[in-house]
Each structure stands twice: as structure tokens, then as C-alpha cells.
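I have placed the structure first, in the form of C-alpha cells, so that the comments after it can refer back to it.
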Amino acid sequence: MARIVMKFGGTSVANLERIYNVARHVKREVDAGHQVAVVVSAMSGKTNELVGWVENMPKVAGSNAPFYDAREYDAVVASGEQVTSGLLAIALQSMNINARSWQGWQIPIKTDNAHGAARILDIEGADIIRRMGEGQVAVIAGFQGLGPDNRLATLGRGGSDTSAVAIAAAVKADRCDIYTDVDGVYTTDPRIEPKARRLKKIAFEEMLEMASLGAKVLQVRSVELAMVHKVRTFVRSSFEDPDAPGMGDLLNPPGTLICDEDEIVEQEVVTGIAYAKDEAQISLRRLADRPGVSAAIFGPLAEAHINVDMIVQNISEDGSKTDMTFTVPSGDVDKALKVLSDNKEKIGYDVAQSESGLVKVSVIGIGMRSHAGVAASAFRALADKGINIKAITTSEIKISILIDGPYAELAVRTLHSAYGLDKS
Ligand code: ASP
Ligand code: MG
């Protein structure tokens with residue numbers, strides 16, 4: 001007997017037929033004697049529709065009332081998950097499974113006060129554990145909790161992944177299965193490189209990098225949480241036949257296991273290639289090379305909530321002037337340039353130049369820690385294809401390379417084969 005949390009995303013519960021199919025996946029685990037809790041997203045497209053309603057409410061002409069109240073946004077937007085949790089409980093009951101739906105406030109899943117992007121602070125797991133012990137399946141609405149103001153709070157888009165991992169940690173589950181419309185995590189985006197392979201295992205830290213670099217399988221926060229609480233998390237498909245051979249395998253079900261690196265015996269040097277589109281580069285020319293310039297630049301940008309990523313500072317030739325280059329999301333470039341020009345006197349630079357439409361391609365793998373020359377092979381491979389590198393940053397387990405947008409796909413494929421990821 002194991003304790004399993006199963007999470008189903010929006011496409012997996014998109015209509016009644018799919019919800020019925022989800023119930024069959026749950027039944028398989030219940031019939032195998034496991035204790036099960038389920039977390040559901042809203043039907044696909046539902047949350048977008050609800051957000052649209054909130055945003056498009058007509059306003060009194062000339063009113064300067066706030067755009068909308070974040071508490072009421074949460075009240076509306078959390079409803080999608082309420083519907084699917086109830087419907088799945090009904091489907092399970094029709095299969096003679098003892099099931100009950102739960103909203104975030106009923107458990108309660110306690111969050112902070114950041115309505116619309118709340119963080120989970122605490123989950124009271126005892127009652128759910130007791131019911132699981134009595135054979136009841138808890139069907140829990142994802143994406144929502146209860147704020148300190150005693151009101152519904154939602155966890156930010158994609159937040160039901162985080163609900164699932166947090167619940168898995170709270171009930172000390174053996175495994176958290178994230179069912180989605182893809183059958184696992186791949187070495188790179190299969191739409192760009194058809195030779196991409198599904199990974200059997202990936203370490204938490206690697207998945208964190210993949211997720212934050214645009215591999216949109218999981219909400220980044222859920223991976224952080226899984227890493228902290230060491231929740232063994234499985235990414236797998238809900239579209240396979242629930243009763244196909246191997247689907248109920250406790251140790252090796254089909255999919256990708258995200259786990260502690262100690263569990264990965266045959267560690268490759270490089271695990272995957274990720275990319276992030278719509279990056280922009282800003283260069284400040286002829287800055288005074290003195291203590292405090294970086295603070296003068298990045299302080300005001302941070303205050304304006306602009307997310308700065310790669311930062312490269314040149315060594316000055318004469319010890320007095322230098323150049324600083326950094327990247328921001330393309331959508332923030334005008335705002336960033338405005339902040340910089342407002343602070344031009346204080347920072348003390350000559351000109352600010354910018355370029356949008358760039359792409360950051362990253363090579364990820366914990367094996368890099370113990371292998372030399374990983375970066376050099378990336379640079380060689382890109383050079384052979386005539387791809388120009390605009391900036392580079394590295395960490396212990398990642399090399400990120402900034403290039404011109406049109407070369408993105410070629411760069412991804414080039415790096416994917418340079419590290420032999422297309423060979424099984
Ligand atoms: N339904 C929410 C969203 O679309 C939460 C989720 O699906 O994870 O963002
Ligand atoms: Mg999702």
C-alpha cells in the first residue's frame with residue numbers, strides 16, 4: 001500500500017468524458033489498494049474565461065476606481081476548480097468509490113495575503129490523512145487556499161501543480177503524480193527537435209532550471225516546493241488508457257520522475273536544452289567605473305519590478321569607464337529604458353542601447369559540476385553553424401547563451417545533438 005497524490009491539469013478535465021477517464025485512472029490506484037488524494041485544475045480555457053470576465057467589467061465613465069479588487073478576482077477565478085472537484089467526485093461515486101470534494105478553505109490550505117499570487121503557508125493534513133486511512137478519496141480543488149483575511153486566495157496561474165505538491169508534502173505521500181497532456185519531460189522541446197527523448201528521471205535542480213526557462217510542464221513554484229520537501233514527483237499523461245499494462249506500476253510507471261539527484265544512478269553530463277524567447281538586451285556605454293554603479297542601475301530597476309537576468313560588465317580599458325550589458329523580458333524594455341533615463345545623472349552613463357527579440361538558449365545538467373569542457377563544446381558547436389553569441393552566463397549546472405531570435409531553433413537542435421541527447 002502506498003499513499004499517492006494524483007493531479008490532473010486542465011486538458012485532462014476539459015469535458016465530462018475526460019473527467020470520467022480521470023476517474024478511471026483514480027479507480028485503478030484505489031483498486032490496487034493505495035490511499036489516494038486527487039487535485040484538479042479547472043477545465044481548460046475556463047480560468048482564462050473567468051479572468052476575462054473580471055477584467056472586462058464595464059466601468060463608470062471617467063472613474064479612476066482601481067482596476068479590480070484582488071479578493072473579488074480570487075472569488076471569481078477560483079470557481080473553475082470548484083466545478084471540476086465536484087464533477088470528479090460525482091464520477092468516482094458512480095464507480096462506487098467513496099469520494100468527497102474539498103475546497104481550499106475546507107481543509108484548510110492556509111496562504112499568505114498576496115491575493116492572485118498567494119503562497120501556501122500551511123496545510124492541515126491530519127483530517128485528510130485520517131479519511132484516506134478510512135478509504136475515502138479526497139478530491140481537492142487546486143489553485144486555491146484561504147488567506148489570513150479569511151477569504152479565498154488563488155496561487156497564481158498554473159498554481160494547481162503547487163497545490164498538489166504541497167498536499168503531497170502535507171500528507172507525506174510516497175509519490176505525487178502530475179497528469180498532463182504530455183507523457184513526461186523531454187530533453188528539449190519536441191516541436192523543435194523531433195529527436196528529443198523523454199527522460200526517465202530528472203533531478204529537482206535541473207527541473208527547476210528547465211521550468212524557469214520556458215519548459216512549461218510545471219509551475220516553477222511547485223518544483224521548488226518538491227525540492228524542499230523531497231516529494232518524488234511524476235510527470236505522466238492522462239491520455240493513455242488507464243488500464244494499459246504498466247500504468248499502475250508503483251516504481252516505474254510511464255513518465256518522468258523528478259527526484260533527488262542521489263536517485264539518478266547513470267547521470268549524463270547534460271540533461272536537457274531549454275530556451276526562453278522574447279529576451280531583450282540593454283547596454284549602458286561609458287559608465288563611471290566606481291563602487292556603487294551597479295547598485296545605482298539595478299536598484300531602481302528592481303523597484304520598478306523589472307526582472308533582470310544576465311548581467312555582463314566589461315573590464316574598463318583605462319580604469320575610469322566601463323560598459324554594462326544585461327537582459328530583461330522584451331515586454332519590459334521600454335519601462336527599463338525609462339527608469340534608466342530617469343536615473344541617468346545618478347548612474348552616470350553616456351548612452352543606453354537596446355535590442356529586442358533575442359533568445360536565451362540554455363544547456364542544463366548537474367553532471368557539469370564534475371566535468372570540464374562542457375561550455376567549450378557548446379561554443380564550438382554554435383560557431384560551426386555560424387551562430388553569433390551575444391552574452392553568456394554560467395552557473396554550476398547551467399550555461400545560458402543569448403543569441404538572435406531567428407537562430408533559436410537551429411541553436412536548440414545544434415546543442416541537442418552536440419551533447420548526444422538525440423541518441424538513446
Ligand atoms: N486553472 C488555473 C490556471 O489555469 C490553475 C492551474 O490550472 O494550474 O492557471
Ligand atoms: Mg498547468
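Order of listing sets the numbers, starting from 1, for every ligand and every atom in it.
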Please tabulate, one pair per line, all N/O donor-acceptor pairs under 3.5 Å involving side-chain atoms of residues 240-247, not counting sequence neighbours.
residue : atom : partner : partner atom : Å
D241    : OD1  : R24     : NH2          : 3.3
D241    : OD1  : D243    : N            : 2.9
D243    : OD2  : R24     : NH2          : 3.1

Hey, is D422 close enough to R197 for a salt bridge, meaning N to O under 4.0 Å? no

May I ask you to decide if T154's main-chain N or O and Q144's side chain share a donor-acceptor pair within less than 3.5 Å? no

In this structure, does ligand 1 have an atom that sits under 4.0 Å from one of the heavy atoms of G158? yes

Partners meeting ring-ring contact (aromatic ring centres under 6.0 Å, His included) with Y179 (sequence neighbours left out): F8, H25

Closer than 4.0 angstrom: is that true for some heavy atom of G9 and an atom of ligand 1? no

Donor on one side chain, acceptor on other, D69 and H115, under 3.5 Å: no

G156 to ligand 1: N or O pair under 3.5 Å? no

Within-cut-off N or O pair, S160 and ligand 1, under 3.5 Å: yes

Would you say the side chains of S330 and E279 form a donor-acceptor pair under 3.5 Å? no

Counting from 1 in the order shown, the ligand 1 atoms closer than 4.0 Å to a non-hydrogen atom of E81 are 1 (N), 2 (C), 5 (C)

Atoms of ligand 1 close to S41 [distance to a heavy atom under 4.0 angstrom, numbered from 1]: 6 (C), 7 (O), 8 (O)

Pull out every atom of ligand 1 sitting under 4.0 Å from any heavy atom of R157, numbered as shown with elements. 3 (C), 4 (O), 9 (O)

Could you tell me whether ligand 1 has any atom less than 4.0 Å away from a heavy atom of K46? no

